[in-house]
Amino acid sequence: MTKELPKNYNAKESEKKWQDFWEKEGIYKFDDNSKNPVFSIDTPPPYISSDSLHTGHAMSYTQAEIIIRYHRMKGENIFYPMGFDDNGLPTERFVERKYKVDKSKITRKEFVELCLRETREGGKKYEELWRKLGLSVDWSLLYSTINPLSQKISQRSFIDLYKKGRIYREEAPTFWCTQCQTALAQADLEDKEEKSLMYDIEFKFDSPTGEGDPAIISTTRPELIPACVALYVNPKDERYQKYIGGFAIAPITKDRIPVKTSETVEMEKGTGLMMVCTWGDTEDIEKWKADKLDTKLIIDKNGRVNEKGGKYEGMKIKNMREEILKDLEELKLIKNKTEIEHTLNIHERCKQPVDFFVSPQWFVKILDIKNELRKRGDELNWHPKFMKIHLDNWIDGLKWDWCISRDRFFGIPLPLWYCQDCGEIILPEDDELPVDPRETLPKNPICPKCQSKNIKGELQVMDTWMTSSTTPLINNHWKETDEKNIYPMSVRVQGFEIIRTWLFYTLVKAHLNTDSIPWKDLMISGWGLAKNGEKMSKSLNNFVTAESMLEKYGADALRFWSCGATLGMNLRFSEDDMRSGQKLLTKLWNATRFVMMNLEDYDRQIFINRNDLCEADVWILSELEQLIWDTTYQLDNYEFARAKILLEHFFWIKFADNYIELVKGRLYGEDKKGKLSAQFTLYSVIATLIKLFAPILPHITEELYQLFIKEPGQPNSIHISSWPKGLDFSHPTYMKTPEWFKNKKEVLKNGEKLLEIIAEIRKQKAEKNIKLGESFKKLTIGSNEEFIKKIQEDLKNLSHAGELIISEKEKKIVIIE
RNA sequence: GGACGAUUGGCUCAGUUGGUUAGAGCGUCUCGUUUACACCGAGAAGGUCGUAGGUUCGAAUCCUACAUCGUCCACCA
């Protein structure tokens, strides 16, 4: 034992060194031939087009990765892929903005090329950052959601669902973004509070004798009057009984509109008379569906008024609103204006208010299987448990089938063709996948129904969730010749904000495609927030990049901060905590240095029987043994934060501040037996402790392992060495130790008393102005306990007392004279 | 309007089935360079555990209201 640690630990140098080493040695490679249990992780493929990664991203990936490292050390065969989500709307919009693309002046092919180029660039940047953070990803498993395999599996999944009757195409009103010019799913929406004016506008009830009684409706969207298809009242509302079943006349258009009833109409709201249009909100659509109302769609895809808008044709809907208000004002039909605050649905990607539009779209039927999906949710092990309610709430609130088609350039094509003559839908064979029906015709380009050769490919592409919901299938190479055996995967890791999307849709796919759950466990993380508790974003100027923190403090320190809050809780950014992390590294380095300096004449093959161990050594080894079980238990339950606290507390308080001080006397003294016992113990504790810290602080622990612990024949990285079980770590003789801890409870209790005595000694010395290293005449300890006698030499050394007396009669635990 | 989470010393957070004087780190104050570490050590101050009730021998912990913050959902005529 002659190696010596340098005086200082250089995190930056060391981290780079070991990251390269891990890569070169293939430490994190998944082993296809291993017989060990597989632990597979479905981890979020970030959008390469999102803002550069901030500390919040780093936090959630790190939290998961700590758990993964733990499982790897337990000997499991780790399948830890990384993906990049580079298909779909976000990428398309990113490229449009970056290159200021005019879609009318570029071909689809050229545009897709640009998207692919950006995704490659972005992917590289991200990969570099993940490596710097020390994520133990097997990069040979890298996938992107636009690559051929992902396309193939997404399309295969689609065709499977189609054949199972879960997919249908319908001319249906859908949420429509006039900005992005595409249909949207319910999950693409966000709320926005906005001030608006509510107008009370006069219609007239129809009467055989000409114009009847006034019918005042309240609306925030007067521009939809030409689209009005019905008025509704509550069936119990006495004011309107005589009009029910009759008609009303709309202003300006003079359209004759039926008056109907619905329980959902609130009598107190406005005048109790509701205008239903094509379509202003989801309420309109529900009534339209339920009562088979007329359709009077006055807006086109671009948000302009069409011919059904009469005199307003051709105007932008916003301008039309101004015009119609002017007209109504002139006719004196606006009876009242109220300022209100209401919530709009906006598109979460572009923040524009959504409209409704009718167009043919593809849907996955899910409303009829809500119960089955809820049961699938029950089958998963949720960490933390309460997150499950987010999913249940979402499923309960579902009102729409899943709209999976998008009218965009970049994305995975919907794999089908239409016969232009008879309308037959033609699907590709599995060996044709992946296919782009916009570019290619089917293998057999003849309509099977009418033999027509007039065949045209679908132009729409898939919603991005349609692909990302297949990540477990992509990872498993579902129905490929090299299909892996990792499905269902062990764990899905993700943030709570995408429970209703990524998690939910993946559950849908697994249930429908494979009649299974997609993973066994769920690990749902909170957000890393800005210092003041706000969400991190560039616009709020509170954005701290992971890159800058890695540069300043290193990966281990950033990882230390990342486990500062328990799983599922939000964590505020704190540079102080990163400094604390750095300090822990320094302390760990120095403590190990100290141990090594004192092991120069120590042969680590030596085994010491319990009877030859000093009492203080038995105590710290018992604490260590307890620590192993506690840490293991917490990590098994995804509680990295609790594990961190346990480790830190043991290491800093019990081991460094107290135990080491207690045994220094023996290390420097003449008692050879006592010294050997201390050496044995110091080595055992440090060798075990750095393994326990390894998942959280992978770099410094690797450095220490390589310099200090690793011997020929042992694993060439700490991260594939064995997780401690009891004290049997990598030393054959330690297998004998379990019998040591038969009376552990008593030993630990004695330890508490011991710490109390030490604290009291220090306190009294401080009160009496005696320096810590300064000696004094007499120390009296009031105790009749056996272990105090056994430990008295250590106590005498620690306190620097000239004389130590243990008195059974003395009631005070410590007296210093 | 419904749901979930949070509310603990100046700051950031622990507190796992209710049990003796509620913990840690940072910050503050005092002392100390002892041969692992001044990126250190020792000591101290600092909390009516959001508010009000209730259950209990006993509540930060369980129950009921309420308040504030965050998030999701619903409403959004």
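This structure is a prediction, so every number in the text was calculated from the model and none was measured. Chain naming here is simple, since letters A, B, ... match the order of the sequence lines and numbering starts at 1 in each.
Salt-bridge check for A:Asp396 with A:Arg374: passed, with a basic side-chain N closer than 4.0 Å to an acidic carboxylate O. A salt bridge links A:Asp617 with A:Arg666; the closest basic N to acidic carboxylate O contact falls under 4.0 Å. A salt bridge between A:Asp355 and A:Arg221 is present, with a side-chain N of the basic residue lying under 4.0 Å from a carboxylate O of the acidic one. In this structure, A:Asp237 pairs ionically with A:Arg239, as a charged nitrogen and a carboxylate oxygen lie closer than 4.0 Å.
Contact between the side-chain N/O atoms of A:Lys531 and the OP1/OP2 oxygens of B:rC26 is not found at any separation under 4.0 Å. When the side-chain nitrogen and oxygen atoms of A:Arg500 are compared with OP1 and OP2 of B:rC72, none of them lie within a distance under 4.0 Å. A sub-4.0 Å separation between OP1 or OP2 of B:rG15 and a side-chain N or O of A:Arg642 is present.
Just one of A:Arg762, A:Glu661, A:His800 meets the side chain to side chain contact (heavy atoms under 4.5 Å, CB included) condition when paired with A:Leu772; it is A:Arg762.
The aromatic rings of A:Tyr683 and A:Phe708 lie perpendicular to each other, with more than 60° between the two planes, well past the 30° mark.
You'll find that the side chain of A:Arg762 is closest to B:rG43, out of B:rA74, B:rG25, B:rG43. Side-chain atoms of A:Trp394 lie closest to B:rC73 of the nucleotides B:rC73, B:rC4, B:rC75.
Taking the six-membered ring for Trp and the full ring otherwise, A:Trp465 and A:Phe504 have centroids separated by 6.0 Å or more. Residues A:Trp527 and A:Phe496 bring their aromatic ring centres within 6.0 Å. For A:Trp589 and A:Tyr9, the ring centers sit closer than 6.0 Å to each other.
Here the separation of B:rA60 from B:rU20, taken at their P atoms, is 10 Å to the nearest Å. For the C1' atoms, the distance from B:rC13 to B:rC31 is 29 Å, rounded to whole Å. For the P atom pair drawn from B:rA59 and B:rU51, the interatomic distance equals 15 Å after rounding to whole Å. Atom name C1', nucleotides B:rC63 and B:rU56: the rounded distance is 12 Å, in whole Å. Across the P atoms, B:rU61 and B:rU7 are found 12 Å apart, a figure rounded to whole Å. Distance check on atom C1': B:rA65 versus B:rG27 gives 38 Å, rounded to whole Å.
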TODO: Under 3.5 Å for both distances, Watson-Crick or G-U wobble, that's the pair rule; now give the dot-bracket for RNA chain B, with | marking pairs to another strand and [ ] for crossing ones.
DONE: (((((((..((((.....[...)))).(((((.......))))).....(((((..]....))))))))))))....
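Note on A:Tyr232: nothing from the nucleic acid sits closer than 4.0 angstrom, heavy atoms only.
In this structure, the side chain to side chain contact (heavy atoms under 4.5 Å, CB included) partners of A:Asn393, at least two apart in sequence or on a different chain, are A:Ile389. Residues passing the side chain to side chain donor-acceptor pair (under 3.5 Å) test with A:Asp392 are A:Lys388, sequence neighbours excluded.
Comparing A:Met274 and A:Ile653 along RNA chain B, the residue whose closest nucleotide (by nearest heavy atom) sits nearer the 5' end is A:Ile653. Both A:Glu497 and A:Thr566 sit near RNA chain B, but only A:Thr566 has its closest nucleotide nearer the 5' end.
Only at 4.0 angstrom or more do the heavy atoms of residues 554-563 of chain A sit from any atom of RNA chain B, so none qualifies.
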Task: Nucleic acid footprint by protein, nucleotides 27-40 of chain B - heavy-atom cut-off 4.0 Å, B for base, S for sugar-phosphate alone - done: -----SSB-BB-BS
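Contacts classified as salt bridge (Lys or Arg N to Asp or Glu O under 4.0 Å) and involving residues 640-649 of chain A (residues at least two apart or in different chains) are not found.
Between the C1' atom of B:rC72 and the CG atom of A:Leu398 lies a distance of 13 Å, rounded to the nearest Å.
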